[in-house]
Number of protein chains: 2
Amino acid sequence: MNIGSAAEQSGLPPKTIRYYEEIGLIPAAGRTQGGYRDYDGTDVEILRFLRRARGLGFSVAECRELLSLYRDRERASADVKALALQRIEDIERKIVELESMRRTLRHLADHCRGDERPNCPILDDLAFGGTNES
Amino acid sequence: MNIGSAAEQSGLPPKTIRYYEEIGLIPAAGRTQGGYRDYDGTDVEILRFLRRARGLGFSVAECRELLSLYRDRERASADVKALALQRIEDIERKIVELESMRRTLRHLADHCRGDERPNCPILDDLAFGGTNES
DNA sequence: GTACAGATTCCGGTTACTGGAAGGTCAAGA
DNA sequence: TCTTGACCTTCCAGTAACCGGAATCTGTAC
């Protein structure tokens, strides 16, 4: 099948599939007589794998590792689990960071009248810092 | 003062300060006889503003707007509050997304023995999709 | 044959920096 | 005054993960 069909079946855009081939994440596809990329079911399976892994927040580099482990019948599941746990940690760190931002912004927004007048605690905080910065 | 001092006092790296000047987020700094950038206390205040705004997750474009509002004595606080609320929404969306990823990863990791054997539910899920994908 | 959808490659752009090379300036110490 | 090392400058390309668009070719239905 052509790249359009592979895209449809995998859920990844054609551009992304070409990009993955370019960076060597997936092998170069076979070609038709006319020069079109030609994919089969196994190719689509890999593309789906990548879509799911990316969707879980694994970086392209990590996807490369995951694919390698997937292809390795001798792999130790410990290696896979380590990648997943690392991802979880990163995600948790990010969540904490985002929650802190939200708290500050929420606090500032709650104290802002949000009317036509110029006085604004949000700008004041940005300009002079709040109690957590003194 | 030189860029190094401005960097120290603002908390932004010299490279970032130069970058902000390049993209016009801050005005071009005055220069010493020797060609070094020269900053004063007000410049540092603006840099601090930017550091805090970036730290709250505002994009460079949003920082541009915030600075504009800050400089505008006639601003309406409503405009500032709108930016903050927008940021809060974006952050909340991101948190929800991250929590979903974490849940899936946590579930998969919990079911993975993480030993020397090759069987791994994480890879299986990536390869074939889980119940939430059928 | 015609027309349109889909494919190709190439190139530059997105966002927010940031490292490094090559070379100049400054200030303290000898 | 000279030396040395820290700091500064500009320029350029890279990071990560795509993705839009231009120019051109291919394939299929009518």
Side-chain angles (χ1 to χ4, degrees), chain A residues 1-26 28-40 43-44 46-47 49-67 83 86-87 90-91 94 97-98 101, chain B residues 1-26 28-40 43-44 47 49-67 86-87 90-91 94 97-98 101:
Chain A
M1 78 189 85
N2 287 345
I3 197 169
S5 299
E8 210 174 293
Q9 289 186 40
S10 66
L12 291 175
K15 279 281 188 183
T16 304
I17 298 173
R18 285 192 204 98
Y19 171 66
Y20 287 170
E21 178 183 300
E22 187 198 326
I23 62 173
L25 185 57
I26 56 175
R31 297 294 181 124
T32 63
Q33 278 276 62
Y36 285 15
R37 287 176 176 78
D38 195 21
Y39 298 94
D40 63 25
D43 297 322
V44 171
I46 297 299
L47 292 173
F49 182 104
L50 290 173
R51 198 203 78 232
R52 294 186 190 109
R54 293 285 302 122
L56 288 180
F58 289 107
S59 65
V60 168
E62 285 166 331
C63 288
R64 213 182 287 273
E65 272 189 76
L66 285 167
L67 268 185
L83 281 177
Q86 182 65 252
R87 194 95 306 305
D90 289 348
I91 286 172
K94 189 66 192 178
E97 187 191 342
L98 288 170
M101 291 186 202
Chain B
M1 79 191 84
N2 286 344
I3 196 167
S5 299
E8 207 174 295
Q9 290 186 39
S10 67
L12 291 175
K15 280 279 187 184
T16 304
I17 298 173
R18 286 191 202 96
Y19 171 66
Y20 287 168
E21 178 183 304
E22 187 199 326
I23 61 174
L25 186 56
I26 56 175
R31 297 293 181 126
T32 62
Q33 278 277 61
Y36 284 14
R37 289 176 173 79
D38 196 22
Y39 297 94
D40 63 26
D43 296 322
V44 171
L47 292 173
F49 182 104
L50 290 173
R51 199 201 77 231
R52 293 185 191 108
R54 291 288 301 124
L56 288 182
F58 289 106
S59 65
V60 168
E62 284 166 334
C63 289
R64 215 182 286 273
E65 271 189 78
L66 285 168
L67 268 184
Q86 182 64 252
R87 193 98 303 311
D90 287 349
I91 287 172
K94 188 66 193 177
E97 187 191 342
L98 288 171
M101 290 185 203

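Just so you know, these numbers use all the heavy atoms, side chains as well, and skip hydrogens, waters and symmetry mates. Chain identifiers are assigned alphabetically (A, B, ...) following the order of the sequence lines, protein sequences preceding nucleic acid strands; residue numbering begins at 1 within each chain.
Both A/Gly4 and B/Arg54 sit near DNA chain C, but only A/Gly4 has its closest nucleotide nearer the 5' end. Where B/Tyr19 and B/Thr32 each meet DNA chain C at their nearest nucleotide, the meeting point lying more 5' is that of B/Tyr19.
The nearest whole Å value for the distance from the CD atom in A/Glu22 to the C1' atom in C/dC11 is 11 Å. One atom, CD of B/Glu8, and another, C1' of D/dC7, lie 12 Å apart when rounded to the nearest Å. When rounded to the nearest whole Å, the span between CG of B/Asn2 and P of C/dT25 equals 14 Å. Going from atom CG of A/Leu50 over to atom C1' of D/dA17 covers 13 Å, rounded to whole Å. If you take CZ of A/Arg51 and P of D/dA17, they are 18 Å apart, rounded to a whole angstrom. The CG-C1' distance, from A/Leu12 to D/dC19, rounds to 14 Å in whole Å. B/Ile17 has its CD1 atom 14 Å from the P atom of D/dC7, to the nearest Å. C/dA7 atom P lies 12 Å from atom CE of A/Met1, rounded to whole Å.
The two residues A/Leu12 and A/Leu47 come nearest to each other via the heavy atoms CD1-O, 3.4 Å. Looking at every heavy atom in both residues, A/Cys63 comes nearest to A/Arg54 through SG-CD, 3.9 Å.
Remark: A/Glu21 pairs with A/Ile26, A/Ala28, A/Ala29, A/Arg31, A/Arg37, A/Tyr39 by the side-chain contact (heavy atoms from CB on, under 4.5 Å) rule, at least two apart or across chains. Taking the salt bridge (Lys or Arg N to Asp or Glu O under 4.0 Å) definition, one finds that B/Asp38 meets it with nothing, sequence neighbours left out. Listed by chain and residue number, nothing satisfies the salt bridge (Lys or Arg N to Asp or Glu O under 4.0 Å) test with B/Lys15 (two or more places apart in sequence, or in another chain).
Remark: the backbone N or O of B/Ser59 is paired with a side-chain donor or acceptor of B/Glu62 at under 3.5 angstrom. Of the possible polar contacts, none joining the B/Asn2 side chain to the B/Ser5 backbone as a donor-acceptor pair under 3.5 Å is found.
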Stepwise side-chain contact (heavy atoms from CB on, under 4.5 Å) test for A/Met1 and A/Asp43: CA-CA 10 Å; A/Met1 78 189 85; A/Asp43 297 322; over 6 Å; no
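Using a 4.0 Å heavy-atom cutoff across all strands shown, A/Pro13 reaches sugar-phosphate atoms only and no base atom. Note on A/Ile23: nothing from the nucleic acid sits closer than 4.0 angstrom, heavy atoms only. Heavy atoms of B/Arg37 sit under 4.0 angstrom from primed sugar atoms or phosphate atoms, though from no base atom.
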So which protein nitrogen or oxygen atoms get under 3.5 Å of nucleotides 20-22 of chain C's nitrogens or oxygens?
residue, atom, partner, partner atom, Å
C/dG20, O6, B/Lys15, NZ, 2.3

Which atom pairs link the protein and nucleotides 3-6 of chain D when you take only N or O atoms and keep those under 3.5 Å?
none

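Residues from residues 56-64 of chain B lying near DNA chain C, meaning a heavy-atom separation below 4.0 Å, are B/Ser59, B/Val60 in numerical order.
Dense packing is recorded around CD of B/Gln86, with more than 12 heavy atoms of other residues, nucleotides or ligands lying under 6.0 Å away.
A side-chain contact (heavy atoms from CB on, under 4.5 Å) with B/Leu25 is found for exactly one of B/Val60, B/Thr16, B/Ile17, namely B/Val60.
Here the side chains of A/Leu83 and A/Glu65 are in contact, with some heavy-atom distance below 4.5 Å.
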